[in-house]
K.L.:
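Right, I'll just put the structure down here and ask away after.
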Protein chains: 2
Amino acid sequence: MANKKKTTIKDIANVLGITPSAVSKALNNNPRISKKTKANVIQVAKNLNYQPNHIASALRKGKSNLVGVIIPRANSHFFSSVIEKIEDVLNKEGYNIIITQSNESYTKECNNIDALLYTQVDGIIASMANETTQLDYYEKIKSQNIPLILFDRGENDLNVDYVGIDDYQSSHIVIKHLVEQGCKRIAHIGGFSHTRIYKNRIRGYRDALKKYNLPIEDDLITESNLSIEDGRKNMQKLIDTTTLPDAVYVAGDYAALGALQVLKENNINVPKDVALVGFSNDTFSSLVTPSLSSIEQHSEKIGELAAHAFLKRMSHPDEKVSLNKMILKPQLIVRDSSKRK
Amino acid sequence: MANKKKTTIKDIANVLGITPSAVSKALNNNPRISKKTKANVIQVAKNLNYQPNHIASALRKGKSNLVGVIIPRANSHFFSSVIEKIEDVLNKEGYNIIITQSNESYTKECNNIDALLYTQVDGIIASMANETTQLDYYEKIKSQNIPLILFDRGENDLNVDYVGIDDYQSSHIVIKHLVEQGCKRIAHIGGFSHTRIYKNRIRGYRDALKKYNLPIEDDLITESNLSIEDGRKNMQKLIDTTTLPDAVYVAGDYAALGALQVLKENNINVPKDVALVGFSNDTFSSLVTPSLSSIEQHSEKIGELAAHAFLKRMSHPDEKVSLNKMILKPQLIVRDSSKRK
DNA sequence: TACATTTGTTACAACGTTTGAACAAATGTA
DNA sequence: TACATTTGTTCAAACGTTGTAACAAATGTA
């Protein structure tokens, strides 16, 4: 069982009668090492099943090649595909990523940040928990002078790189579509307005209603975590406490699904009685009945841009640009849940 | 911007006029250090905003406190909640986890393993990609003498710790239920039989049919990746090429969803014409119409057991037990898609 | 008083790698 | 022949921490 020690460059050096530094240089393809020596080193390394010790190299170089990623939870098409892309891009550049989930909890998020900093990650790419309103822990990251990139759920005040879609614009697109379908009273089941993206969606919703001369009724607007349960509850509330609106724009697909359930349970026809539009185009959105119209957020593109933003910060640490905000165009995928014509 | 150097124990030592080792001992609460010194050290550490360098400590101690986790993809309720629990348990013990996704690709999985080993993880917890049939890379992990724990998608031949549910038993439970609902010709949309869990589900399905004296028709059995698309295709095939069975048992919820879609598109009533049962009780399963009966796999429990298995291996590296197979009881959640009575 | 034990600290090597300076040998140049 | 340059390697220090041995001082024991 106990397979002795791991092979180190010292072992290779001993076999060949050269010094460890020569071996190190050979392995790193240093131009001053002869081809013959390099070949020998590589051969012996293979024979001894040498595995470079990343930790030692990280210590010496002051660089861990680890990037921390913080997301609310992996259990959604959006986040898991953003991560997939980030991993893709960064792996190619020799980075590994440490994914942590906040589960929408501020405390957990702070713990994650501490853990990542402790692990000496070279940078952090994050999307904030719904609960997060204080930015002290993000300031802590900034104070360590490692790149911090936010995506989707970000904050203006932090003044760091950001990748996301145009949420304000999204609402406009949704409302335009619903108006075109003949809807006149449109409700909004939204996220918490303390989070920038949800605030923008709400703002966009209100402004778009104004634009189309539709009434803004505060009873038709709710804020929540946008869980399935939140969607159910808020839809039920709309049914119970007001005259039924003829459309509901939900700021998340899970909540939209919950809303859809409640509508069906109450024998309210979607889209005829109530048109429904969700947000984020999750995997199941096309699969439920009726299929759910939703805003596509271009998750792969977001992941790609976030990863590249990190890489750019790494290669140009003294770049003058202090903020780089990348805003993608949203796209509405129209499906049965909102097709009235 | 350039915030100088990071604080090290050396800096703290200088301030207090003691040696770095005293500081280290103080921070590690060594009993030989006086209370007064400890208090001083902690105070100065706070003042200088000291962050311990995990890399240095990892090198010295020969232990990274990093655990690698390999999953097919995070985008499912099952895997994301297993991970959540693993993270939970291991964080409490001072470990961070590095999550990597194989995307069901063997090549990607091998790359992930290499990356994790290179990062000097203290152990690996993995669930195999559908594509994986060779075990060479897993043997590589074993040869490094770090704990390897498999869950869900495992392999008998590797002879390592395993956590999963009783797949064979699951099929029996499903078939029993379907028989009780009056079904007489039950199809199976299964995973690839080269993967142990899917093999067991198929085996259980066949044996259960036998047990209830139902005919086994090879035309009613398909193997695939169990993606939504696979579910659609295989359901369509069942409709096109054979007389319609009166029940379909699908080995994954995504594929079951695909099958459900096709059934609805063909105006086949679920559950009256065809009863449908899925596997893994994903979030959306209760939310589609009709709601989908499914096997609950106790993902949190699996995560918990896997994490504990790792911890146990770490604390008792020379344990005689060479294999610890933990098999959980499956539970069928009966919903509308299979309720015929 | 003489010695043993406990307490609190220092000294130093080590973990495995990388890097810049130094150096010797080989080659080139005038 | 004398010197400059190039080539291939060695040397030694460093990254930040930890653990063991050593040591001095304080305290306990007879």
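Not measured: the values here are computed from a predicted model. Proteins get letters first, then strands, A, B, ... in listed order; numbering begins at 1 in each.
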K.L.:
Which residue lies toward the 5' end of DNA chain C, B:Ile18 or B:Ala56, if each is placed at its nearest nucleotide?
P.N.:
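Comparing both residues, the 5'-ward one is B:Ile18.
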
K.L.:
Could you check whether B:Asn29 and B:Lys38, counting side-chain N and O atoms only, form a donor-acceptor pair closer than 3.5 Å?
P.N.:
yes

K.L.:
Verify whether one side chain among A:Tyr162 and A:Arg196 offers a donor that lies under 3.5 Å from an acceptor in the other.
P.N.:
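Distance-only check passes for A:Tyr162 and A:Arg196.
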
K.L.:
Would you please confirm or rule out a distance under 4.0 Å between OP1 or OP2 of D:dG16 and any side-chain N or O of A:Tyr118?
P.N.:
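So the side chain of A:Tyr118 is outside the cut-off, no N or O lying under 4.0 Å from OP1 or OP2 of D:dG16.
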
K.L.:
Regarding B:Ser64 and B:Gln120, do their side chains bring together a donor and an acceptor under 3.5 Å, going by distance alone?
P.N.:
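Their side chains do not contain a donor-acceptor pair, so the 3.5 Å distance test is not met.
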
K.L.:
Check the distance between D:dG8's C1' and A:Lys35's NZ and give it to me in whole angstrom.
P.N.:
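So the NZ-C1' distance, A:Lys35 to D:dG8, works out to 14 Å.
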
K.L.:
Side chain of A:Lys61, base of C:dT19: donor and acceptor closer than 3.5 Å?
P.N.:
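No, no donor-acceptor pair under 3.5 Å.
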
K.L.:
Going by distance alone, is a donor N or O of one side chain under 3.5 Å from an acceptor N or O of the other, for B:Tyr95 and B:Lys63?
P.N.:
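A donor-acceptor contact under 3.5 Å links the two side chains.
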
K.L.:
Rounded off to whole Å, could you give me the CZ-to-P distance for the A:Arg32 and C:dA22 pair?
P.N.:
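Spelled out: CZ on A:Arg32 to P on C:dA22 is 13 Å.
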
K.L.:
Suppose we define a pair by two distances each less than 3.5 Å, Watson-Crick or G-U wobble; what does C:dA14 pair with here?
P.N.:
D:dT17

K.L.:
Below 4.0 angstrom, N of the basic side chain to O of the carboxylate: do A:Arg73 and A:Glu104 qualify?
P.N.:
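No, no charged N to carboxylate O under 4.0 Å.
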
K.L.:
Any strand counts, and the cut-off is 3.5 Å on both contacts for Watson-Crick or G-U wobble. Which nucleotide pairs with D:dG8?
P.N.:
C:dC23

K.L.:
Expressed in angstrom and rounded to an integer, what is the separation of A:Leu16 atom CG from D:dG8 atom P?
P.N.:
16 Å

K.L.:
To the nearest Å, how far apart are A:Asn53 CG and C:dA14 P?
P.N.:
17 Å

K.L.:
From C-beta outward on B:Lys25, which listed nucleotide comes closest to its side chain: C:dA11, D:dT9, C:dT17?
P.N.:
C:dA11

K.L.:
Return the 5'-most residue of the pair B:Ser57, B:Asn30 with respect to DNA chain D, ranking by each residue's nearest nucleotide.
P.N.:
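Looking at the nearest nucleotide for each, B:Ser57 comes out on the 5' side.
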
K.L.:
OP1 or OP2 of C:dT9 sitting under 4.0 Å from any side-chain N/O of B:Ser34?
P.N.:
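So the side-chain polar atoms of B:Ser34 do come within 4.0 Å of the phosphate oxygens OP1 or OP2 of C:dT9, strictly under.
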
K.L.:
Could you tell me whether B:Ile55 contacts a base, only the sugar-phosphate backbone, or nothing, with contacts defined as non-hydrogen atoms closer than 4.0 Å?
P.N.:
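The answer is nothing, as B:Ile55 stays clear of every strand by at least 4.0 Å.
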
K.L.:
Please report, rounded to the nearest Å, how far the C1' atom of D:dT7 is from the NZ atom of A:Lys36.
P.N.:
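Rounded to the whole Å, the gap is 14 Å.
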
K.L.:
Kindly say if B:Ser21 contacts the phosphate of C:dT9, meaning a side-chain N or O under 4.0 Å from OP1 or OP2.
P.N.:
no

K.L.:
Rounded to whole angstroms, how far apart are CD on A:Gln120 and P on D:dT17?
P.N.:
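Checked: the CD to P distance equals 8 Å.
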
K.L.:
What integer distance in Å separates A:Leu27:CG from C:dG16:P?
P.N.:
15 Å

K.L.:
Measure the distance from CG on B:Asn28 to C1' on D:dT17 and round it to the nearest whole Å.
P.N.:
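Rounded to the whole Å, the gap is 9 Å.
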
K.L.:
Please determine whether a side-chain nitrogen or oxygen atom of B:Thr37 lies at a distance below 4.0 Å from atom OP1 or OP2 of C:dT9.
P.N.:
yes

K.L.:
Looking only at the side chains, is there a donor atom on one of A:Ser34 and A:Thr37 sitting less than 3.5 Å from an acceptor on the other?
P.N.:
yes

K.L.:
Starting at the 5' end of DNA chain C, which residue's closest nucleotide do you reach first, B:Gly17 or A:Ser24?
P.N.:
B:Gly17

K.L.:
For a quick check, tell me whether the side chain of A:Thr19 and the base of D:dC11 share a donor-acceptor pair closer than 3.5 Å.
P.N.:
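Looking at the base of D:dC11, it does not pair with any donor or acceptor on the side chain of A:Thr19 (distance under 3.5 Å).
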
K.L.:
Let's test this: given Watson-Crick or G-U wobble pairing with both distances under 3.5 Å, identify the partner of D:dA30.
P.N.:
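Base-paired to C:dT1.
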
